[in-house]
Protein chains: 2
Amino acid sequence: MNERPKKLSADARRLATVESVIQLAALQNPVEITTAAIAKHMNLTQGALFRHFPNKEAIWQSVMEWVAERLLNRIDRSVHGIDSPLAAMEAIFMTHVEFVAEHPGVPRMLFGELQRAESTPAKRLVQTLIQRYGERLNHLIEKGKSNGELSSSLDNEAASTLFIGTIQGLVMQSLLTGDVQRIRHDAPRVFAIYRRGIGSDL
Amino acid sequence: MNERPKKLSADARRLATVESVIQLAALQNPVEITTAAIAKHMNLTQGALFRHFPNKEAIWQSVMEWVAERLLNRIDRSVHGIDSPLAAMEAIFMTHVEFVAEHPGVPRMLFGELQRAESTPAKRLVQTLIQRYGERLNHLIEKGKSNGELSSSLDNEAASTLFIGTIQGLVMQSLLTGDVQRIRHDAPRVFAIYRRGIGSDL
DNA sequence: GATAAGAAAGTAATTAATTACTATCTTATC
DNA sequence: GATAAGATAGTAATTAATTACTTTCTTATC
């Protein structure tokens with residue numbers, strides 16, 4: 001919804017396109033984001049998009065790369081200097097929630113991409129993202145077990161699934177109420193239950 | 001994928017349409033289910049569908065009614081004769097998981113419908129379904145608190161959100177691996193952590 | 001109880017929109 | 001003034017929905 005159709009370099013235009021998609025996903029159903037809608041949002045003609053992307057799939061691929069890079073980066077930075085594995089998990093949780101609150105369209109896109117039957121490049125990127133996410137969690141869980149912070153009988157896989165599901169539940173709740181920002185308020189309350197579920201009995 | 005294009009009564013045809021959509025959603029992305037695809041799956045011409053539904057939205061509405069009715073019915077039946085609130089919650093959980101395993105397309109459709117920006121009749125049905133679901137959970141949580149089975153300091157709302165999120169996490173995991181049936185195996189493991197999170201310290 | 005009339009269900013072809021994508025011309029910028 | 005970026009104006013394919021027509025089923029009447 002800008003006004004001047006400024007000429008941008010190819011790199012800048014690609015980035016602007018990705019950011020437009022992220023913004024649009026916050027407002028509407030990701031599957032309804034057409035190339036015409038993207039172009040309109042950035043005050044460009046639809047055909048011009050194909051100067052910078054070979055096809056629509058490539059746009060989605062770039063978007064998923066953007067998301068994976070930013071999210072994992074922030075996750076990793078959030079645990080810096082935190083010794084306690086449990087505290088690190090909480091930091092990751094809150095960072096993730098903050099990321100979602102800033103970019104409400106992201107979880108919709110991720111889930112929408114996972115829904116697809118075919119294995120598109122974008123879908124594979126999402127699968128890789130969540131896999132890497134799970135690896136980080138698993139590492140922390142192991143540390144927490146030997147640490148004594150987490151229950152020694154904890155099921156790692158189930159704990160990882162539930163961690164991600166906890167965030168997914170918050171997202172679903174925000175879709176239900178239409179109020180994405182409330183997720184910031186609800187997140188600590190839900191994580192408290194999760195922490196109790198995985199923590200040691202001390 | 002039938003063979004004879006038998007003539008059905010309007011009621012029977014509407015039910016067959018709904019069941020076809022449920023089946024198709026298990027195989028492909030719900031948003032890609034076209035009226036032509038539905039018709040082909042039930043060996044009918046595309047136009048014939050509009051003898052029984054005014055438009056496509058009405059088909060989705062009927063599908064959501066089917067889902068809401070069946071799921072809530074099974075949930076309610078599953079708690080019959082169970083006195084312990086915690087055991088009742090576990091029964092609901094397992095019943096829900098079994099329902100999803102039988103109809104893998106259902107959670108995709110529900111989430112896809114929630115994604116939509118506009119408030120369609122189908123979306124409102126999903127919202128009502130989850131609201132009623134939450135009411136049942138809340139009731140059990142209250143009973144569990146006075147019972148002593150659940151932590152007296154438990155946050156009801158957060159516990160409800162996490163309950164649904166836990167299932168959502170299992171669904172996401174099944175989308176990731178492509179193996180929907182594994183949800184039956186993972187469900188008890190994940191619920192064990194959840195139960196620990198909400199239970200009393202005894 | 002046979003059967004004709006009408007209702008109900010289905011077919012096949014076509015519609016207007018919308019989609020992703022492309023070919024060709026124009027212009028801003030270095 | 002060369003060239004990269006954008007505009008303009010298309011394309012073919014797909015979509016939900018509608019049309020005119022046909023087949024099948026139901027039921028009222030003799």
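Order of the sequence lines fixes the chain letters, A, B, ..., with proteins taken first and strands second; residue numbering starts at 1 for each chain.
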Return the residues of residues 30-39 of chain A meeting this criterion: a heavy atom under 4.0 Å from some atom of DNA chain C. Order them by number, or give none.
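Of all residues in residues 30-39 of chain A, the ones placing a heavy atom under 4.0 Å from DNA chain C are A/T34, A/T35.
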Contact list please: residues 45-63 of chain A against DNA chain C, heavy atoms, distance less than 4.0 Å, in numerical order.
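By residue number: A/Q46, A/G47, A/F50, A/R51, A/N55, A/K56.
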Please tabulate, for side-chain N and O atoms in residues 159-170 of chain A, each donor-acceptor pair with protein atoms closer than 3.5 Å (sequence neighbours left out).
unit_1 : atom_1 : unit_2 : atom_2 : d
A/T161 : OG1    : A/E157 : O      : 3.1
A/T166 : OG1    : A/L162 : O      : 2.5

Roughly how many Å is it from CG in A/N43 to C1' in D/dA7, rounded to a whole number?
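Roughly 12 Å, once rounded to whole Å.
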May I ask you to test the B/L114-B/Q127 pair for a side-chain heavy-atom distance under 4.5 Å?
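They are in side-chain contact.
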Please examine the side chains of A/V171 and A/R108, heavy atoms only from C-beta on, and report whether any two atoms are closer than 4.5 Å.
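A side-chain contact under 4.5 Å is absent here.
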What is the pairing partner of C/dT29, taking Watson-Crick or G-U wobble pairs with both distances under 3.5 Å in any strand?
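Across any shown strand, C/dT29 pairs with D/dA2.
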With a 3.5 Å limit on both atom pairs, tell me what D/dA7 is paired to, counting Watson-Crick and G-U wobble, or say none.
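C/dT24 is the nucleotide pairing with D/dA7.
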Return yes if some donor-acceptor pair links the side-chain N/O of A/N55 with the main-chain N/O of A/A58 below 3.5 Å, else return no.
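Yes: the side chain of A/N55 pairs with the backbone of A/A58.
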Main-chain N/O of B/T35 paired with B/K56 side-chain donor or acceptor, under 3.5 Å
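Looks like no, no N/O pair under 3.5 Å.
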Could you please spell out the steps behind the salt bridge (Lys or Arg N to Asp or Glu O under 4.0 Å) verdict for B/E102 and B/R74?
CA-CA 13 Å; B/E102 286 173 26; B/R74 280 172 70 159; 3.0 Å; yes
Can you check nucleotides 1-4 of chain D for protein contacts, nitrogen or oxygen pairs under 3.5 Å, and list what you find?
none

Taking side chain to side chain donor-acceptor pair (under 3.5 Å) as the cut-off, I'd like each qualifying pair that reaches into residues 174-183 of chain B, sequence neighbours left out, listed once.
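Matches after skipping sequence neighbours: B/Q181-B/R184, B/R182-B/D186.
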Compute whether any side-chain donor of one residue and acceptor of the other, for B/S84 and B/E149, lie under 3.5 angstrom apart.
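Per modelled atom types, B/S84 and B/E149 side chains form a pair under 3.5 Å.
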Set of residues satisfying side-chain contact (heavy atoms from CB on, under 4.5 Å) with respect to A/D11, sequence neighbours excluded:
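Scan of A/D11 (side-chain contact (heavy atoms from CB on, under 4.5 Å), adjacent residues dropped) gives A/S9, A/R14.
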C/dA8, OP1 or OP2 - any side-chain N/O from B/R13 closer than 4.0 Å?
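No, B/R13 has no side-chain N/O under 4.0 Å of OP1/OP2 on C/dA8.
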Hey, could you give me the CZ/CZ distance between A/R132 and A/R136, rounded to the nearest 0.5 Å?
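Output value for this atom pair is 7.5 Å.
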